[in-house]
Each structure stands twice: as C-alpha cells, then as structure tokens.
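Heads up, the thing below is written out as structure tokens.
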2 protein chains.
Amino acid sequence: MSPSSPESRRTVSPAESPRSRGNDSEWSGCNSCHLRDQGFCSILQQGRKSNPEVEPRETSIRARQHIYRAKDQARHLAIIREGMTFRYVTATDGRRQILSVGMPGDFVATSFVVRDTAHFSVQALTPVRLCLFDKKALQQFIRSDLAALHCFLDLIVSEKESREAQIVDLGRRTSEERIARFLLHMATRSGWSGEGGFSFHFPIRQQHIADMLGLTQVHVSRVISKFRRSGFIQLGSGLLKITDPYALRQAAGGRNV
Amino acid sequence: MSPSSPESRRTVSPAESPRSRGNDSEWSGCNSCHLRDQGFCSILQQGRKSNPEVEPRETSIRARQHIYRAKDQARHLAIIREGMTFRYVTATDGRRQILSVGMPGDFVATSFVVRDTAHFSVQALTPVRLCLFDKKALQQFIRSDLAALHCFLDLIVSEKESREAQIVDLGRRTSEERIARFLLHMATRSGWSGEGGFSFHFPIRQQHIADMLGLTQVHVSRVISKFRRSGFIQLGSGLLKITDPYALRQAAGGRNV
DNA sequence: CGTTGGCTTGATAATCGTCAATTTTAGTGG
DNA sequence: CCACTAAAATTGACGATTATCAAGCCAACG
C-alpha cells in the first residue's frame, strides 16, 4: 500500500550508543540556546540548580538515520535542538503510518518519560541536533517536581488533541483537504502568522506526506500539482511558498485550519 | 459524507444542570461501588480522607442524551459508573467523527482536568450512570497530589497511544480490517480473554461504527453481513457473539489486534 | 397496525490506488 | 564545478475500494 522509501537500514541510535557521533566539541550548554526559555526547556532551566544531574549533552544525527527503533529499550530522553524528525509505525506488510513530525523544542518521543519501550520508530528527516538527557535522571526530575509534571501533562494533553485532529482528518476529510491542511499546519508551526504569503523550509518528501495522511505518493503528487497549477503554492528545493493563503484555506475546507 | 443519525437535539447536560435528572436517591457512594479499587477510582479512594470535598454524586443520563456539547464551559468532571458514552466532533457540513467510546471506570472526558472547554461533544450511547465531581475540587486534588498526577498522566499517555493506534487504522487499513479490529477491541474491553468464543453487550449502531472508522453505514452493513455469512460473528439485539475468533483475527490483518 | 429507526441490498459513481514509464531534482565523487 | 547516479516527482492508463442514491424490509413501540 505504501512502501517505505528506501531509507537507511543502519541504525546508529544515539539512544543506544550515544557517543557514536556526537559533536560534543560544539556543545555550549543550555545557556546559549535560543530554546532555553521555551516550552519544556524553561522548566528544565528553572529546576537546574536543584537538579544538576539533568544536564543534557548534544548529539548530531544525519538525515534519514534512525533515532529510535520500535521495541528497543530507550536509554535516553531527547529534545530536538535543530532539524526535524518523524515518528512512525509499520505494519508487517510494510505499510507505513507517520504519527507526527518533531521540530525544535519538541521531545523526540514524550512516551519515554513514562514508558521504556514503544511501538513506533523515530527517524531524522533532516540533519538533527539533539539534547540528550539521562533517562532515569530526567524521569526522576519530572516525576518529583510538581511544576514539571504540570508542564509535561499539558504537553501530553496537547499531543492527544493533535492526534484527535489527525483522526478527524483521516476519517472524514478528502485528500485535498488533508493535504491543504497539512501544509497550512506546517506553515503555522514554522512561525507563520496566517497573514499574507509565507515561505518556509519544507524538507518533507511526498512519500512522507502520503504516509502521514493515509494516501499514496502518486496521489499526493497529483494534488500538489493541482495546487501549484492553481497558484496556491510554490514548492521546490526544500522550500514551500504559500502564495494564496485564502485559496489554500478554501481547499482545506473553509473554516478552521 | 456521514450524516449524523437523527439523535436527540435536546441537551440536558448534567454539566450544565447537574441536578436535572439525578437519581440521587439511589446513590450509595463509592464504598459500595464495584469500581472502587479500579483505575483512577482507587486513587480517589486513597485520597478520600484528606480530601473529603472530592466526593462525587450520581446522575443518570438517558440514551442519546448529550453529556457535553462542544465549546460549552465544562462545570463538572465525571466518571462513568454504568453504561457507554462516545466522544465525537462534527465538521460544519455535518460529517461526524467519533473519537472514542467510554465505558465504566473511564472519565467522560479527561480533557477537563486540564481544560475548561473542548472541541468535541459527548453523548450517551446507552442509559448511563455518572459519578459527578466538582470540577475545581477534583482539579485541585489531581494537581496537588503526586500519586494522582502520576496515575492521571499514565491515563492520558494510554489514551494518546490508543489514538495513535486509531490513526494507523484509519490511515493504513482496509475497511474489513478496521471493522474486524474494532469488534475485537470492544470484546477485549468487555472482558474477553481472547480465548474461545465470546458473547457481549454491544449497543453500538452501524452508524457509530462508520463514524468511528471513517466509513459509511452502508459499507459497514456490507462488511458485517459478509462476516456474518462467513460465520465469524453473530450480531443482533444488542449482542455480539464472536463465533470464530481465529477467522476474525485473520480478517483483522493477522497479527496483533 | 402504522410509524420510526435501523439495517439490507442493488445499481451506479467518485475517489483514490496500482502499475509503469519518464522526467526532474538532488546528492556524490572526481 | 561538472558529470554521474540515485532518489523523488510527474503523468497516463487502468482498476479496486468505498461512497452515493434509492428502494424496501424488519422489529420495536406507541
């Protein structure tokens, strides 16, 4: 149904051999990080004094490399500092379903705060820089710190809401609506205000879109070609330009993106 | 695409007028409840002495009545004591997507522990008895009690995992697989060990199955008729009987249910 | 005993998938 | 920086799955 694109079979998971390709020399700690005061990082920042053992170190991952493989033991918790990842599952017959896309500031997989293994895998979409935390130490911190727990709970609830929005997309929207909504959603996550045109880094292949939205790559191609011909968007060399936001929103089903 | 079945438009939400039809006379408290030591109720049980203000009271809801309507202010938190509910969203054009089915021991909607409104609605599938908690009091309790927070977090994470499983169903499985898996899943939730045949209360209409799985009622009817003709199941008068678990699992796609 | 909600069934149509060939783009090494 | 190669995207022809429309049936219920 949807053959995975031929992506690296080798796994040099940082969760398994974390020092394998770490550019630790470039590591400058949280103090100089622009994500320092955003999302969960701000919580970590606050708890830093009392919990020095949750200090992360950095690792680099090449595009397409696996960060985690389904059913492995997770040894670390990681936050994305730079780049994009995606989380997916594959059925035995090879059908792939992408569950989410990770961007800077996101946990690679929130599940590992509560679980030790998962049914999904995580792969780098672009070159990625990760902040690696000792799993035990961070689990301990989150579980014992009320503010951290509240923040994390909010994170998971938001994720759940996001998954439910996806369910509505998959269950009750046409391929055009799904694709238009996905593009708009990615634009929003990339900092788009929603006003006027917008250009942004879009390293996502049609096969990824297909596997995210329950379609085939061929069909995604057709729809995107149509959007392009209609002048809604321009797409090329990793850059997506929304040229007619209104029309794209119409294609997305009018109301709420 | 999927017109809602003509279900009660009237909303006598207990969240809005909680005393409206409470059979408070029958209320016997948690002590006599068989769910007392299960799931989240056990946590409430433990915190009872120190937090007497989280004591629930009971309400009855008739089948098809709305328990919560999208975008309303939620005034209570509720746990299902008896009966079944479902949570859904509708697009402006009437397409309905069911997000989950609630059974005894489940929160009617976990979201309201963290949020005050939601984008979904909740309706009773059967006559339902609810344990109603004062929202503020229960929120306060959960937020301040570490054990409760852990338990609740675990609950949300499980829900998230469940939603992700649904995403895989919707995105990458055929209608037959989806329906077979749904039936097996409901059997499991109803106490089926997975061994041998199983008969259980199944008050779910074909329209609900359709709206859960992103199909039409007509198509659900065809698939179920096929399952019945093949001797996998018997279905009638609110009772589902799995007569050939092996065959049904095959139809569900072989591996894992 | 007629009405209503839910289910079944047939005929037909739309959406989306499959297969396959071809072009374009991106990545890599010289 | 160019040339070569692999990956990704495009396009057409065809087919399968699932939706739509419509009519009729059945069982529960007032």
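These numbers were taken from a predicted model, which means no experiment stands behind them. Basis for what follows: all heavy atoms, side chains included, without hydrogens, waters or symmetry-related copies.
In this model, the phosphate group of C:dA26 is not approached by any side-chain N or O of A:Arg64 to a distance below 4.0 Å at OP1 or OP2. Between A:Arg205 and the phosphate of D:dA9, there is a side-chain N or O to OP1/OP2 separation shorter than 4.0 Å. Close to D:dT10, at under 4.0 Å from its OP1 or OP2, lies a side-chain N or O of A:Gln206. Within the 4.0 Å cut-off from OP1 or OP2 of D:dT17, not a single side-chain nitrogen or oxygen of B:Ser175 is found. Between D:dT10 and A:Arg228, a contact under 4.0 Å exists linking OP1 or OP2 to a side-chain N or O. Under 4.0 angstrom from either OP1 or OP2 of C:dG17 there lies at least one side-chain N or O belonging to A:Thr216. Remark: A:Ser225 is in phosphate contact with D:dT11, judged by side-chain N or O atoms under 4.0 Å from OP1 or OP2.
At the heavy-atom level, B:Gly214 lies under 4.0 Å from the strands shown only through sugar-phosphate atoms. Counting any heavy atom pair closer than 4.0 Å across all strands shown, A:Val220 reaches no nucleic acid atom.
Between the C1' atom of C:dC16 and the CG atom of B:Leu170 lies a distance of 16 Å, rounded to the nearest Å. Taking atom CD1 of residue A:Ile224 and atom C1' of nucleotide D:dA8, one finds them 12 Å apart after rounding to whole Å. Per the geometry, CG belonging to B:Leu235 stands 15 Å off C1' belonging to D:dA27, to the nearest Å. In this structure, A:Leu213 atom CG and C:dG17 atom P are separated by 11 Å, rounded to whole Å. Between B:Gln207 atom CD and C:dT8 atom C1' the separation is 14 Å, expressed in whole Å. Across the protein-nucleic acid pair, A:Gln217 atom CD and C:dC19 atom C1' stand 13 Å apart, rounded to whole Å. In this structure, CZ of A:Arg172 is placed 13 Å from C1' of D:dT20, rounded to the nearest angstrom. If you take CD1 of A:Ile179 and C1' of C:dG17, they are 13 Å apart, rounded to a whole angstrom.
If B:Arg229 and A:His219 are placed on DNA chain C by their nearest nucleotide, the residue sitting closer to the 5' end is B:Arg229.
Using a 30° and 60° split on the angle between ring planes, A:Phe200 and A:Phe202 fall in the perpendicular class, above 60°. The aromatic rings of B:Phe120 and B:Phe112 are tilted relative to each other, their planes meeting at an angle between 30° and 60°.
Evaluation of atom-type donor-acceptor distances gives no pair under 3.5 Å for the side chain of A:Arg178 against the base of C:dT15. A donor-acceptor contact under 3.5 Å is not formed by the side chain of B:Arg173 with the base of D:dT18.
Candidate nucleotides D:dG12, C:dC16, D:dT20 were compared by shortest atom distance to the side chain of A:Arg222, and D:dG12 ranks first. The B:Val218 side chain lies nearest to C:dT9 when the options are C:dT9, C:dC16, D:dT11.
Contact between A:Val168 and B:Gln97 at its shortest, heavy atoms only, is CA-CG, 3.9 Å.
Side chain of B:Arg178 to main chain of B:Leu213: a donor-acceptor pair is present (N/O by atom type, distance under 3.5 Å, no hydrogens or angles).
We find that B:Arg87 and B:Asp106 are not joined by a salt bridge, their nearest charged nitrogen and carboxylate oxygen being 4.0 Å or further apart.
Side chains of B:Gln207 and B:Gln217: no donor on one and acceptor on the other come within 3.5 Å.
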